[in-house]
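Note sheet for the following structure.
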2 protein chains.
Amino acid sequence: MNISQIAKLAGVSPATVSRYLNDGYVSKEKKAIIKKVIDETGYSPLASAQNLRQRKSSVIGVIVPKISSESISRVVDGISVELKGSGYHLFLGNTNNNVAEELDYLNLFQSNYVDGVILIATELTPKHMKFMKHYPKPLVVVGQYTELVPCVYHNDKGGARAAVSHMLKQGCHRIAFLGVMEEDVSAGFERHNGYREALKACHIKENPALIYQVDFSITDGYRATQELINSGQPFDGLFCATDNIAIGAMNCLRFNNLDIPGNVRIASVGDSIVSKAIQPSLTSVHLYYKTSGEEAAVIMMDILDKHQSVNKQLRLGYELCERESTY
Amino acid sequence: MNISQIAKLAGVSPATVSRYLNDGYVSKEKKAIIKKVIDETGYSPLASAQNLRQRKSSVIGVIVPKISSESISRVVDGISVELKGSGYHLFLGNTNNNVAEELDYLNLFQSNYVDGVILIATELTPKHMKFMKHYPKPLVVVGQYTELVPCVYHNDKGGARAAVSHMLKQGCHRIAFLGVMEEDVSAGFERHNGYREALKACHIKENPALIYQVDFSITDGYRATQELINSGQPFDGLFCATDNIAIGAMNCLRFNNLDIPGNVRIASVGDSIVSKAIQPSLTSVHLYYKTSGEEAAVIMMDILDKHQSVNKQLRLGYELCERESTY
DNA sequence: CTGAAAGCGCTTACAG
DNA sequence: CTGAAAGCGCTTACAG
């Protein structure tokens, strides 16, 4: 069933059916008969033909490092809700934390399938920069700051600072930090920065012996905590870059018979489901992941539909969720 | 940059470039020169033109009730990994637990964008059946059993039975059940069935006063548990259809100063991150979500690439992960 | 092994 | 307000 057949059934030209489907510059009578035919046949125009002709697909490519991550899937949820409201669809590029695959998708989307790309970014390498500088389609970055294209990012530094300040206020004097790779500017560098700023505000110097770099896993949080304990360095607080790291740390503290928050206070970033569910509940910074997805989609829609291609950098706030682990 | 320009630069016809890109029925010399031109220009053929001509997109539509769910996002992860290996891409239809939107996507994909559809199903209504009966493209269902199209589903009954049998073996006599709507055959009906079968094997009759229906949320798990406690019905075990429900239940038990597992043993289904992280850790049934996604994609690839359209029903196993909450 | 030609199903100036 | 015609960028019989 194609547009010509519909046209024949309705006794009009394909052009008229097309107009009916699009701008609607059609007389009442013809409108009525075309509607009838379309309803009866269940005809819907073939997207690939429309795309070819109009050079537009109403599809947005979304590149994610790992879809089965709580924060990422929340961002995607936000994007999808907003896109749907605007009649757009979502093409998912899941890269399994593989930078090469991320670049592959950026490359693929450059000329295919989608009208614009939302990149949920972890690390922005020089290769990413190159793409961003001359990307032929609208590109919006989520989760990292960049001036090259519009972005929506989180106040990682502020959130971390708030969490650590809160721990200091609760009486911590020696707060260790379990961070992630600094190449991830948001989750690595900025959260470390916030930690440092909070210490500085209390005239405490960062002690390198209390700083550990871990990957994003529960097990590595456990490992690092055990190393910290083994090192003999005294500590009464533990700030973790992510909830998962904190979960591993808590398991390790427990295993070593260290009470939370009695012996060690602990806080982290993410406000995940687990952080509220574990015992003791975990003080954590909420970062509005879903909202960031929605905002990114809004910016994309603005660029696409209103040709408003202002290069805006949107920083979202944070909320410190104080729970039992720091009381 | 299109195929004609490439052809001109290479001094051949567009047909030859096309052949180079596809079957490759081209002489060594021309192959070399075409390769050179393509490498230099970075040309890649426009997907929408190919799709229109070949009536094929190499894209699979994946319909999900909620992408920001741990189990669902794991399934999608599995699908995406497998598809990528076969050169397919993923178009995501997120429906926010809205059956109408689910049907909308089934309808949209019928004639557009994708070569096949993987439906991560919750409830299969008569309208779903209608779609499945005459779907014009390959359709694979994940997470629910159906004979109408190929499906990959979980042994929900077996898993539930194993969990409840284990609780009985641990000494429970009065196990309450917090289930979800029975229209969700897998998570609702079958898990309830498994609970019933385990009781029956021990010659225990199901006591309606110990059966509650809740939604999938933590808060509703809490609510139902409080109702159960308020009812005065004695119980020494609590089997929950999902980990989230169990989390809510555990919080409520704790609030009522009931020890886990001392006063009440508790188990559920999902083996989520939380189930391992909470204190006490939660006995839960692992259901191989990621694998189910991979298997569904494999079936889809078989149908599409090998025209093996056997209507197979694949049931995956389960593993009972016994943890502190039942000891 | 190669090229000219037709056609996939649309949309959009253009002329009326 | 409407239709005939051209064309988006590919691929694929067909003829050579």
Side-chain angles (χ1 to χ4, degrees), chain A residues 1-38 41-59 87 89 108-115 136-137 304-305, chain B residues 1-38 41-59 87 89 108-115 136-137:
Chain A
M1 194 57 51
N2 62 31
I3 199 169
S4 301
Q5 296 174 48
I6 299 298
K8 200 160 289 173
L9 286 173
V12 299
S13 75
T16 302
V17 178
S18 175
R19 263 184 232 105
Y20 170 84
L21 258 16
N22 299 291
D23 27 28
Y25 212 56
V26 182
S27 65
K28 293 260 178 223
E29 308 86 56
K30 308 233 161 181
K31 258 184 193 157
I33 175 132
I34 294 172
K35 182 181 182 341
K36 186 160 162 270
V37 173
I38 289 181
T41 57
Y43 165 76
S44 89
L46 193 69
S48 56
Q50 294 181 306
N51 298 352
L52 173 59
R53 184 54 226 249
Q54 308 186 112
R55 337 240 60 202
K56 155 161 186 38
S57 64
S58 294
V59 176
H89 293 116
L108 174 72
F109 289 151
Q110 234 169 356
S111 52
N112 276 314
Y113 296 115
V114 304
D115 294 341
K137 291 178 182 173
L304 250 24
D305 294 342
Chain B
M1 193 58 50
N2 63 31
I3 200 169
S4 301
Q5 296 174 50
I6 298 298
K8 200 161 290 175
L9 286 173
V12 299
S13 73
T16 302
V17 178
S18 175
R19 263 182 232 108
Y20 170 85
L21 258 16
N22 298 293
D23 27 28
Y25 211 57
V26 183
S27 66
K28 293 261 176 221
E29 308 85 58
K30 308 234 161 180
K31 257 185 192 157
I33 175 134
I34 294 172
K35 181 181 183 341
K36 187 160 162 270
V37 173
I38 289 181
T41 56
Y43 165 76
S44 89
L46 193 70
S48 55
Q50 293 181 306
N51 298 351
L52 173 58
R53 184 54 227 248
Q54 307 185 114
R55 337 240 61 199
K56 152 160 188 42
S57 64
S58 295
V59 175
H89 293 116
L108 173 72
F109 289 151
Q110 234 170 355
S111 52
N112 277 312
Y113 296 115
V114 303
D115 295 341
K137 290 178 182 173

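Throughout, a chain's letter reflects where its sequence line sits, starting with A, and its residues are numbered from 1. Since the model is a prediction, treat every value here as computed from it, not as a measurement.
Taking atom CG of residue A:N112 and atom P of nucleotide D:dC8, one finds them 18 Å apart after rounding to whole Å. Nucleotide C:dG9 holds its P atom 11 Å from the CE atom of A:M1, rounded to whole Å. Spacing between atom NZ of A:K8 and atom P of D:dA4 amounts to 11 Å, rounded to whole angstrom units. In this structure, the CD1 atom of A:I38 is 10 Å from the P atom of C:dC10, given to the nearest Å. Here the P atom of nucleotide C:dC1 and the CD1 atom of B:I34 are 13 Å apart, to the nearest Å. Protein atom OH of B:Y25 is 15 Å distant from nucleotide atom C1' of C:dG3, rounded to whole Å. Separating the CZ atom of A:R19 from the P atom of D:dC1 is a distance of 11 Å, rounded to the nearest angstrom. In this entry the distance linking NZ of A:K31 with C1' of D:dC1 reads 11 Å, nearest Å.
Annotation: D:dA6 and D:dT2 have their P atoms spaced 23 Å apart (nearest Å). Taking the P atom of each, C:dA5 and C:dC1 are spaced 24 Å apart, rounded to whole Å. Here the separation of C:dC10 from C:dC14, taken at their P atoms, is 24 Å to the nearest Å. Atom name P, nucleotides D:dG9 and D:dA13: the rounded distance is 23 Å, in whole Å.
In this model, the phosphate group of D:dT11 is approached by a side-chain N or O of B:Q50 to a distance below 4.0 Å at OP1 or OP2. A sub-4.0 Å separation between OP1 or OP2 of D:dG3 and a side-chain N or O of A:T16 is present. At D:dC10, none of the side-chain N or O atoms of B:Q54 fall inside 4.0 Å of OP1 or OP2 (strictly under the cut-off). Close to C:dC1, at under 4.0 Å from its OP1 or OP2, lies no side-chain N or O of B:S27.
Between B:S13 and A:L52, the residue anchored closer to the 5' end of DNA chain C is B:S13, taking for each the nucleotide with the nearest heavy atom. Along DNA chain C, the nucleotide closest to B:V12 and the one closest to A:N2 are compared, and the more 5′ of them pairs with B:V12.
Using a distance-only test at 3.5 Å, with no hydrogens or angles considered, no donor-acceptor pair links the side chain of A:S57 to the main chain of A:N51. Remark: the backbone N or O of B:P14 is not paired with any side-chain donor or acceptor of B:S18 at under 3.5 angstrom. Between the side chain of A:K137 and the backbone N or O of A:V114, at least one donor-acceptor pair lies under 3.5 Å.
Atoms CZ and OG, from A:R55 and B:S48 in turn, are 6.5 Å apart once rounded to the nearest 0.5 Å.
Across all strands shown, A:L46 has heavy atoms under 4.0 Å from sugar-phosphate atoms exclusively, and none from any base. Residue contacts for A:R55: at a heavy-atom cut-off of 4.0 Å it reaches the sugar-phosphate backbone alone, with no base atom in range. Using a 4.0 Å heavy-atom criterion, one finds that B:N51 contacts no nucleic acid atom at all. Residue contacts for B:Y43: at a heavy-atom cut-off of 4.0 Å it reaches the sugar-phosphate backbone alone, with no base atom in range.
Counting only heavy atoms from C-beta on, A:R53 has its side chain closest to C:dT12 among C:dT12, D:dA13, D:dT2. Side-chain atoms of B:A15 lie closest to C:dA4 of the nucleotides D:dT11, C:dA4, C:dT11.
More than 12 heavy atoms of other residues, nucleotides or ligands shown are found within 6.0 angstrom of NZ on B:K56.
B:L108 is listed as a side-chain neighbour of A:H89, based on a closest heavy-atom distance under 4.5 Å.
Using Watson-Crick or G-U wobble geometry with both donor-acceptor distances under 3.5 Å, D:dT2 finds its partner in C:dA15.
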